[in-house]
Amino acid sequence: MKKLLIVITILLLAKLNYAQDLVKKIPANAFTVATIKGDNVFKLMFVNDFNESFVGKKLLSETSKSLDKNFTSIEDFGINLEKNMYYFNQLSDSITYHCFLIPIKDASKFESLINNKESKVQANGDIRTLILPDSTSILKWNNSMMYFVTGSIKSSFFADSVKSAKYGIKDIRYQNKYEDLTDSAMVAVDSTYITTTAPVIEETISAPVVKNTIQKKTTTKKTTSTKSVGKKKSSKNKAKAKVKNRKSNPSHEVEEIVATTVAITDSMDVDTPPPPGYEDDQYAAYQKEKAEQDAKAKQLAFVWMTEQSNKIFNSSYESIEKNKSYTSSLNDKAIAELWISSLQDVYNTMAPEFGAYGNAGVLKGYGSLSAKLYMDKKSFRISTGVQLAKEQADSYKKIMNRKLNKKFKNYVNSEKAIGFMSYSMDTKAYLEEFPKYFEQTYGSFLGGNVKDEIELGADLFSLLLDEEAVSNVIKGDALFVINGLKSKEVTYTSYEYDDDYNRKEVTKTKQETLPDFLFMFSSEDNRLFNKLIKYGVKKNYLSTNDNIYKIEEKKSPVDIYFMIKDGIVFFGNSLTELQSISNNTFNSKINKAHKTLLTKNNYSFLFNAKNLAGKVPVEEFGGQETAKKFNETLGKMGNIYMKSNPIKGNLVSAEISAEIPNGHENALKYLFSLIENAAK
């Protein structure tokens with residue numbers, strides 16, 4: 001019974017702790033959520049350790065200086081360092097919100113960060129509000145949390161005349177074309193009209209018809225009547241006659257201005273040069289109008305931000321914690337996490353900003369994206385994952401159904417390799433799936449008018465290409481290895497000038513540091529390569545040394561050699577290395593970790609920083625001191641890895657990790673030591 005009570009108590013405390021988490025304040029329609037888990041961070045480095053670190057001292061010193069106060073610990077900021085801190089955003093067709101939620105431990109300490117003579121804090125119960133300058137952002141807090149929001153209205157929202165009329169904000173655009181201006185005597189282009197009491201003006205002239213409205217600062221293209229241009233004078237006289245005969249009314253003056261403008265414009269030659277200072281006046285008028293509309297948009301954004309921040313504090317709503325995609329992406333061991341709801345949805349929301357490309361379904365089938373940062377006693381690790389639609393996932397599984405050629409590991413020497421990169425995919429499956437991706441991507445970009453042509457092109461691609469034959473020539477796996485660096489004297493063309501500024505071409509030499517690399521890929525059908533080799537030798541594009549060929553390209557800064565052996569095509573810039581492969585004397589010393597990395601993953605990457613230390617000439621750094629600091633940093637770094645993971649369900653994932661060298665307690669403290677060394 002006692003054990004049962006203990007378990008129940010623990011569960012209740014855990015539930016209470018979760019309920020206090022600010023995640024419940026994040027709306028369910030948030031597009032992006034980023035989290036820093038304070039509890040996990042300060043398990044790796046205690047607060048006192050952070051205060052005494054280089055980063056901590058710098059932060060406290062700069063904060064004390066800027067606020068004219070004495071801060072001795074980050075706890076003086078009043079933030080609850082044991083709780084999660086959040087950033088989230090909300091996207092819509094009208095406004096984008098960027099928001100921060102930070103837990104408060106001591107509200108009085110937090111207020112000391114912002115209290116000064118110029119701060120005007122408004123209090124409403126236990127909720128305090130600070131409006132930042134220009135009303136661009138709002139800071140709101142109570143005794144348990146701080147909320148910061150800034151919002152920006154999308155310009156494309158007001159390109160819709162209905163929406164712009166509703167809010168009284170116009171979409172202003174500058175058009176610096178005098179020939180267009182002479183047609184309408186206007187300065188700026190806007191998407192709305194200013195209504196007046198003027199009656200309908202119906203004119204049989206080549207000018208826009210104005211109905212119950214007058215266009216203000218609107219540039220319109222000049223149009224001509226169905227009759228010849230020589231009849232413009234008649235149109236002008238008709239306009240004058242209509243104004244003269246019109247009965248007196250309150251809008252008579254407005255009509256007269258419009259008619260006069262039309263008449264003058266109609267008689268002007270489009271090639272007439274603008275008067276002096278016209279462009280400056282035009283741009284000044286545009287800037288004034290634009291500033292007025294921007295001020296209105298900023299005011300509207302502030303109204304919306306106020307409503308949104310009040311909702312965060314005072315309303316009940318469905319939070320992001322109810323979203324299964326979000327909750328399934330979380331991991332208790334991560335110290336930071338990022339989640340994006342849907343890549344295609346994000347694209348759709350931003351689509352109006354892309355104009356003609358807004359309807360493209362380039363990310364169709366791509367769901368949520370997540371990323372997590374881990375730090376422990378052995379390494380840093382960042383894990384990323386993307387949820388795919390079933391069709392996309394099935395296609396991915398087919399393409400990635402291949403492992404790296406096991407023979408490749410025989411040409412890796414872990415003791416000297418600076419790095420390597422490998423990938424493996426099924427070429428045949430890729431070529432079979434390619435038409436679908438082509439149709440999805442380019443079909444959406446080019447629009448529905450060419451849908452049939454896109455489908456036909458995709459079918460022709462499949463018909464004309466023999467996927468099986470291509471996959472035998474290029475299997476779809478490859479390995480690129482950098483085994484070191486070497487210096488080589490290269491020639492280049494420069495120019496010198498005599499006293500009379502006559503140019504003379506001269507040939508100079510310089511030392512260049514180049515990578516010593518080896519590249520290989522699998523091929524079961526070498527007939528095409530053999531024909532290319534035969535042709536290259538005949539045309540003197542290639543020279544041969546036994547079964548090793550050199551590409552004769554004088555302008556290349558590096559000699560390139562290649563050969564074919566055991567179903568593998570090799571390329572490299574070291575003749576000695578290719579000769580050792582050819583006669584089976586290559587010194588292979590691949591360690592277990594590197595072997596596993598290459599053979600177990602469709603994609604892998606390695607960078608061995610220690611093997612690079614001391615290999616780069618001092619001249620490349622511009623000085624001995626810089627070179628020394630760089631090499632010391634490399635010598636303290638561990639290996640950096642990247643790899644793809646096998647697809648699980650519909651989740652495609654990958655990760656990057658960096659090892660911690662001996663002598664460091666954990667990854668976070670090691671990172672702080674690197675920052676300190678780099679800053680010295």
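Side-chain atoms are counted along with the backbone in the values below, which use heavy atoms only and exclude waters and symmetry mates. FYI, the numbering just counts along the sequence from 1.
Formation of a donor-acceptor pair under 3.5 Å by the Asp546 side chain with backbone atoms of Ile548 is not found in this model. Listed for the Ser673 side chain is a donor-acceptor partner under 3.5 Å among the backbone atoms of Tyr670. Here the side chain of Thr596 pairs a donor or acceptor atom with the backbone of Lys592 at under 3.5 angstrom. Between the side chain of Asn611 and the main chain of Ala417, a donor-acceptor pair closer than 3.5 Å is present. When atom types are taken as modelled, the side chain of Asn631 and the backbone of Gly614 share a donor-acceptor pair closer than 3.5 angstrom.
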(request) Before giving the answer on side-chain contact (heavy atoms from CB on, under 4.5 Å), spell out for Val537 and Tyr549 the whole-Å C-alpha distance, their side-chain angles and the decisive distance to 0.1 Å. (result) CA-CA 9 Å; Val537 172; Tyr549 302 90; 4.3 Å; yes
(message) Does Ser328 form a side-chain contact (heavy atoms from CB on, under 4.5 Å) with Tyr326? I'd like the steps, not just the answer.
(response) CA-CA 6 Å; Ser328 64; Tyr326 171 73; over 6 Å; no
(request) Starting from the C-alpha separation in whole Å, work towards a yes-or-no answer on side-chain contact (heavy atoms from CB on, under 4.5 Å) for Asn84 and Leu22. (result) CA-CA 7 Å; Asn84 295 345; Leu22 297 181; over 6 Å; no
(request) Go through the steps to decide whether Phe77 and Leu60 satisfy the test side-chain contact (heavy atoms from CB on, under 4.5 Å), and finish with yes or no. (result) CA-CA 10 Å; Phe77 298 160; Leu60 293 171; 4.1 Å; yes
(request) Go through Asp394 and Lys398 one step at a time and tell me if the salt bridge (charged side-chain N to carboxylate O under 4.0 Å, His left out) criterion holds. (result) CA-CA 6 Å; Asp394 291 343; Lys398 293 176 184 177; over 6 Å; no
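For Ser368, the side chain to side chain donor-acceptor pair (under 3.5 Å) test picks out Ser325, with sequence neighbours left out. Glu577 meets the side chain to side chain donor-acceptor pair (under 3.5 Å) test with Asn483; sequence neighbours excluded. The side chain to side chain donor-acceptor pair (under 3.5 Å) test applied to Glu553 returns no partner, not counting sequence neighbours. Not counting sequence neighbours, Phe88 has no partner by the ring pair (Phe, Tyr, Trp, His ring centres under 6.0 Å) test. Remark: Phe408 engages no residue in a ring pair (Phe, Tyr, Trp, His ring centres under 6.0 Å) (not counting sequence neighbours). Applying the side chain to side chain donor-acceptor pair (under 3.5 Å) criterion to Thr633, with sequence neighbours excluded, gives no partner residue.
Within a 6.0 Å sphere centred on NZ of Lys333, heavy atoms belonging to other residues, nucleotides or ligands number 12 at most. Few gaps surround CD on Glu552; more than 12 heavy atoms of other groups in view lie less than 6.0 Å from it. The environment of Lys403 atom NZ is dense: over 12 non-hydrogen atoms of other residues, nucleotides or ligands sit within 6.0 angstrom. The environment of Met421 atom CE is sparse: at most 12 non-hydrogen atoms of other residues, nucleotides or ligands sit within 6.0 angstrom. In the displayed structure, Tyr561 atom OH is contacted under 6.0 Å by more than 12 heavy atoms of other residues, nucleotides or ligands.
For the pair Tyr430 and Val470, the minimum side-chain heavy-atom distance is 4.5 Å or more. Contact of the Lys428 side chain with the Glu468 side chain is registered, since non-hydrogen atoms from C-beta on lie closer than 4.5 Å. Contact check for Val616 versus Thr513: no side-chain heavy atoms found under the 4.5 Å cut-off. Annotation: side chain of Ile74 is not in contact with side chain of Ile79 (no heavy-atom distance under 4.5 Å). Counting heavy atoms from C-beta on, the side chains of Ile660 and Phe380 come closer than 4.5 Å. At a threshold of 4.5 Å between non-hydrogen side-chain atoms, the residues Ser471 and Leu431 do not count as touching. The shortest side-chain heavy-atom distance between Ser580 and Asn587 does not fall under the 4.5 Å cut-off. Looking at heavy atoms from C-beta onward, Asn573 lies in side-chain contact with Lys486 at the 4.5 angstrom threshold.
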Could you pull out all donor-acceptor pairs under 3.5 Å where a side-chain atom in residues 31-40 meets a protein atom, sequence neighbours excluded?
residue, atom, partner, partner atom, Å
Thr32, OG1, Asn89, OD1, 3.3
Lys37, NZ, Asn331, O, 2.7
Lys37, NZ, Glu337, OE1, 3.3
Asn40, ND2, Asp332, O, 2.8
Asn40, ND2, Ala334, O, 2.8

Residues 515-524, side-chain donor-acceptor partners within the protein, below 3.5 Å, at least two apart:
residue, atom, partner, partner atom, Å
Ser522, OG, Asn405, ND2, 2.9
Ser522, OG, Asp477, OD1, 2.9
Ser522, OG, Asp477, OD2, 3.0
Ser523, OG, Val473, O, 2.7
Ser523, OG, Asp525, O, 3.3
Ser523, OG, Asn526, ND2, 3.2
Glu524, OE2, Lys475, NZ, 3.2

Just list the side-chain donor-acceptor pairs under 3.5 Å for residues 634-647, sequence neighbours left out, or say none.
residue, atom, partner, partner atom, Å
Asn639, ND2, Tyr641, OH, 3.2
Tyr641, OH, Glu659, OE2, 3.0
Ser644, OG, Asn602, N, 3.3
Ser644, OG, Tyr603, N, 3.0
Asn645, ND2, Ser653, OG, 3.2

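Pairs of residues two or more places apart, or lying in two chains, that qualify as side chain to side chain donor-acceptor pair (under 3.5 Å) and include a residue from residues 407-421 are Ser414-His594. Among residue pairs with one or both ends in residues 559-573, those qualifying as salt bridge (charged side-chain N to carboxylate O under 4.0 Å, His left out) are Lys488-Asp559, Lys550-Asp559; sequence neighbours excluded. For residues 665-678, the set of pairs meeting the salt bridge (charged side-chain N to carboxylate O under 4.0 Å, His left out) definition, not counting sequence neighbours, comprises Asp49-Lys669, Glu665-Lys669.
Closest heavy-atom contact between Pro617 and Ser487: CG-OG, 4.1 Å. When all heavy atoms are compared, the tightest approach of Ile418 to Gly484 is CD1-CA, 3.6 Å. When all heavy atoms are compared, the tightest approach of Leu598 to Leu479 is CD2-CD1, 3.8 Å. Here the shortest heavy-atom pairing between Tyr374 and Ser383 reads CE1-CB, 4.1 Å.
Atoms OG and NZ, on Ser329 and Lys372 in that order, are 5.5 Å from each other to the nearest 0.5 Å. With rounding to the nearest 0.5 angstrom, the CD1 atom of Ile26 is 7.0 Å from the CD1 atom of Ile320. From Arg381, atom CZ reaches atom CD1 of Ile335 across 11.5 Å, with rounding to the nearest 0.5 Å. One distance of note links CG of Leu485 with CD of Glu512; it measures 12.5 Å at 0.5 Å rounding.
Note: Phe50 and Phe42 have perpendicular aromatic rings, judged against thresholds of 30 and 60 degrees for the angle between ring planes.
With hydrogens and angles left out, the side-chain atoms of Ser604 and Ser422 include a donor and acceptor closer than 3.5 Å.
Applying the ring-ring contact (aromatic ring centres under 6.0 Å, His included) test between Phe571 and each of Phe562, Phe480, Phe529 identifies Phe562 as the sole match.
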